[in-house]
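Structure first, commentary second.
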Amino acid sequence: MSKLTVDIASIQLANPVLVSAGTFGYGDELAEVMDINQLGAIVTKTLTLKPRLGNPAPRIIPTTGGMMNSVGLQNMGIESFLQTHLPELRQKITIPLIVSIMGDSPEEFKSLAGMFNGLTGVSALELNLSCPNVKAGGSSFGVDPQLAGEVVQAVKEAVKLPVFAKLTPNVTDIGVIAKAVEAAGADAIVAVNTFNALSIDPETHHSRLGNWKGGLSGPAIKPLALYQVYHTVQAVKIPVIGMGGILTASDALEFILAGASAVSIGTGNFINPRTPLKVIKGINQYLEKHHLSDFQTLRGTFNPSLSG
Ligand SMILES: Cc1cc2nc3c(=O)[nH]c(=O)nc-3n(C[C@H](O)[C@H](O)[C@H](O)COP(=O)(O)O)c2cc1C
């Protein structure tokens, strides 16, 4: 039997395939169509202090090889989640649950994080430093190494749970941001969020989305995301969870060869909610085909000096 288990910041995962924030609801919405407990871990939709209605429609449009979204962080707010949803999730989920949070300031991130002290059923917090769709705050934390570090430090002071920093790819050098969040105490990095994108309808001269811009995801971004993940891995020692356009086991393996400790699937869940399960199966088949007993022997074995 091949081995798919992996530890990320002392959290034991049965396999290295997660589902990404904002693409899998609050964690259990898809429990009727698949066995969600076969996943490595689940990351919730990003939660904010107050409920948010999000951006005007249309919020999602197809693009060549992907999709653009401007959901604008619609969510039920942290209190509803903790009081009404988390108790139900605890009954249904046996795998690690990672809760994604976003605040308007380091202080707001800190108070959100403080609410998780003493709670059971949550394995880690993921800090959304990168959402490009929110008019106030939004990407500003993730494009500034000092601010990104301040947020991580504030959260680490407030909570004992492992803290994952999710980075935006919309920067000149992601390695600089990665180093800053590592120095501030992040236990892992999640890379990457969507790429800033624009789609204009020539008939109306307006954006095709309800918001003027959106975030591009899906297969179209895979080579771009892979480059950013490789660069992130080179910059830090903490584990990196890689994502961006993964639909198949072969896609996931590219991220592992680039050095990711685990991978995550976002847009793939909209195409087929069973995509992550197919990826897990495919990684197993690859390991068997190549007579490998542990997927971790593949991690970071990409050699940039050998090409073609
Ligand atoms: C509809 C949609 C909603 C998203 N919502 C969030 C979110 O709430 N928080 C977050 O950190 N990332 C969010 N993302 C970004 C994804 O988690 C992921 O980082 C990105 O889409 C790249 O991966 P993919 O190409 O596999 O989708 C969202 C993406 C999509 C497509």
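Every number for a ligand or one of its atoms is a count from 1 in the order of the listing. Computed from a predicted structure; not experimentally measured.
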### Query
Taking only heavy atoms of Thr46, which atoms of ligand 1 are found under 4.0 Å from at least one of them?
7 (C), 8 (O), 9 (N), 10 (C), 11 (O)

### Query
Is there at least one pair of N or O atoms, one from Gly218 and one from ligand 1, spaced under 3.5 Å apart?
yes

### Query
When you look at CD of Gln12, are more than 12 heavy atoms from neighbouring residues, nucleotides or ligands closer to it than 6.0 Å?
no

### Message
For Val192, which part has a heavy atom under 4.0 Å from ligand 1: side chain, backbone, both, or neither?
### Response
backbone

### Query
What orientation do Phe302 and Tyr230 show, parallel under 30°, tilted 30 to 60°, or perpendicular over 60°?
perpendicular

### Message
When you compare ligand 1 with Gly266, is there at least one nitrogen or oxygen pair between them that comes in under 3.5 angstrom?
### Response
yes

### Query
Please walk me through it: do Glu157 and Lys110 pass salt bridge (Lys or Arg N to Asp or Glu O under 4.0 Å)?
CA-CA 8 Å; Glu157 283 167 11; Lys110 188 173 183 170; 3.0 Å; yes

### Proximal ligand 1 atoms for Gly245, defined as those under 4.0 Å from one of its heavy atoms
24 (P), 25 (O), 26 (O)

### Task
Under 4.0 Å from a heavy atom of Leu73: give me the atoms of ligand 1 that qualify, with their elements.
8 (O)

### Task
Can you sort out which atoms of ligand 1 are near Met243, meaning under 4.0 Å from one of its heavy atoms?
18 (C), 19 (O)

### Message
Within a 6.0 Å radius of atom CZ on Arg59, are there more than 12 heavy atoms belonging to other residues, nucleotides or ligands?
### Response
yes

### Task
Give a yes-or-no answer on whether the side chains of Asn75 and Thr48 include a donor-acceptor pair shorter than 3.5 Å.
yes

### Message
Within the 3.5 Å criterion, strictly below it, is a donor on Asn272 or Thr275 matched to an acceptor on the partner's side chain?
### Response
no

### Query
What is the ring orientation for Tyr286 with His290, classed by angle as parallel under 30°, tilted 30 to 60°, or perpendicular over 60°?
tilted

### Task
Evaluate the criterion salt bridge (Lys or Arg N to Asp or Glu O under 4.0 Å) for residue pair Asp251 and Lys278; output intermediate values, then yes/no.
CA-CA 12 Å; Asp251 296 336; Lys278 289 202 303 190; over 6 Å; no

#### Entry: Element-labelled atoms of ligand 1 that are located less than 4.0 Å from some non-hydrogen atom of Lys166
10 (C), 11 (O), 12 (N), 15 (C), 16 (C), 17 (O), 18 (C), 19 (O)

### Message
Suppose I only count heavy atoms of Met67 and a 4.0 Å limit; which atoms of ligand 1 are within that range?
### Response
31 (C)

### Summary
Looking at Ile265, Val19, Asn69, the heavy atom closest to atom 29 (C) of ligand 1 belongs to Asn69

### Query
Is Ser264 in polar range of ligand 1, meaning some N or O pair under 3.5 Å apart?
no

#### Entry: Residue pair Ser20, Val43: steps toward the side chain to side chain contact (heavy atoms under 4.5 Å, CB included) verdict
CA-CA 6 Å; Ser20 312; Val43 184; 5.9 Å; no

### Polar contact flag for Ser100 and ligand 1 (N/O pairs, less than 3.5 Å)
no

### Task
Provide the number and element of each atom of ligand 1 under 4.0 Å from a heavy atom of Thr194.
20 (C), 21 (O)

### Query
Relative to ligand 1, is Asn128 under 4.0 angstrom through side chain, backbone, both or neither, heavy atoms considered?
side chain

#### Entry: Flag for Asn128-Thr46: side-chain donor and acceptor within less than 3.5 Å
yes

### Query
Is any N or O atom of Thr267, backbone or side chain, closer than 3.5 Å to an N or O atom of ligand 1?
yes

